[in-house]
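Following: one structure in structure tokens, then a few remarks.
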There are 2 protein chains.
Amino acid sequence: MTTLDDLNDEEFMQDALDEAQKALDEGEVPIGAVAVKEGKVVARGHNQRRALNDITAHAEMQCLRELDPDNNGLYLEGVTIYSTLEPCAMCSGAMIHYGCSRVVYGASDLKLGASGSRYSFLEDACIPVIKGVLDDKCRRILYGFFEAELGKPSKVWEDIELE
Amino acid sequence: MTTLDDLNDEEFMQDALDEAQKALDEGEVPIGAVAVKEGKVVARGHNQRRALNDITAHAEMQCLRELDPDNNGLYLEGVTIYSTLEPCAMCSGAMIHYGCSRVVYGASDLKLGASGSRYSFLEDACIPVIKGVLDDKCRRILYGFFEAELGKPSKVWEDIELE
């Protein structure tokens, strides 16, 4: 079944990339996420680990937190999460707790990715996952950050899939 | 190698059970956690999903948050996390991000457990895991809660290992 969300995956990934740009502007590793329901962005988040001094403040977690959960575990039914980078185990686990219906991501993370690379946690929970949407842009903003920050290809750089 | 933490696993699990009791007193699902370094409890947490209206406010996450991370990803070296229930994927993933050195838990969670039951995230990350410490007490407080709340054995009840 083709849904409105399917049709706009690239558009919404661009919104997630705009969030990644906010992270970059704030000196954070540039990763962004948005939550979409019924064709509209209902929450946004960007990586704020440094600013908030909170190692769990990944883009996806910040996005989920903005949704102000009501704790019934199903209130995100119908919500698609868009993330510029493949979600890690922590973020994937949170998405399952929140009852997200669908996940779309850009770049794969060969080291920590839990949605197809290292683990397939979302798939195992029967949550549909779409990979590689605007992945070139999603990788490029990360590579640019690490190159500027470290002056050379980093271990993180190597762990993000190059095609 | 026997460490001080090894010797006190039951004592520290009792501290985690005291945290679970706090959750129970507040009407939450009774799960508790403590973080221990050099033989001393350095942080505590209990499940506060309802009180904080935050579906990620698991006992282990609250414990980790209390440690006020400085974002270097290694600052929890030497820290053991004690949890009354087997950590889920989100909490296990967070422990890996935080660089925890060791995890001890009580009751197994056959449905969501990511430290030996459904997944083995911590083991895969080479983090030593000790299971079943005071597991009878850890299960009993959970069973009591669900029985009182639901009036009958619940799905959650069935998912927590009975021996």
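Letters A, B, ... are given to chains in the order of the sequence lines, protein chains preceding strands, and every chain is numbered from 1.
In this structure, B:Ile55 CD1 and A:Leu67 CG are separated by 11.0 Å, a value rounded to the nearest 0.5 Å. The distance from the CE atom of A:Met90 to the CE atom of B:Met61 is 5.5 Å, given to the nearest 0.5 Å.
Within residues 114-127 of chain A, the residues that have a heavy atom under 4.5 Å from a heavy atom of chain B are A:Arg118, A:Tyr119, A:Phe121, A:Asp124, listed by number.
For chain A, no part of B:Met95 is nearby; none of its heavy atoms comes within less than 4.5 Å.
With chain B as the partner, the residue from A:Ala94, A:Ser92, A:Ala57, A:Cys91 showing the most heavy-atom pairs under 4.5 Å is A:Ala94.
Listed by chain and number, the residues in a side chain to side chain contact (heavy atoms under 4.5 Å, CB included) with A:Asp15 are A:Phe12, A:Asp18, A:Val34, A:Val41, A:Arg44 (sequence neighbours excluded). Here A:Ala33 pairs with A:Ala59, A:Glu60, A:Cys63, A:Ser83 under the side chain to side chain contact (heavy atoms under 4.5 Å, CB included) rule; sequence neighbours left out.
Of all non-hydrogen atoms in B:Ala89 and A:Gly93, the two that sit nearest each other are CB-CA, 4.2 Å.
Counting only residues at least two apart or on different chains, the ring pair (Phe, Tyr, Trp, His ring centres under 6.0 Å) pairs with a member in residues 37-63 of chain A are A:His58-B:His97.
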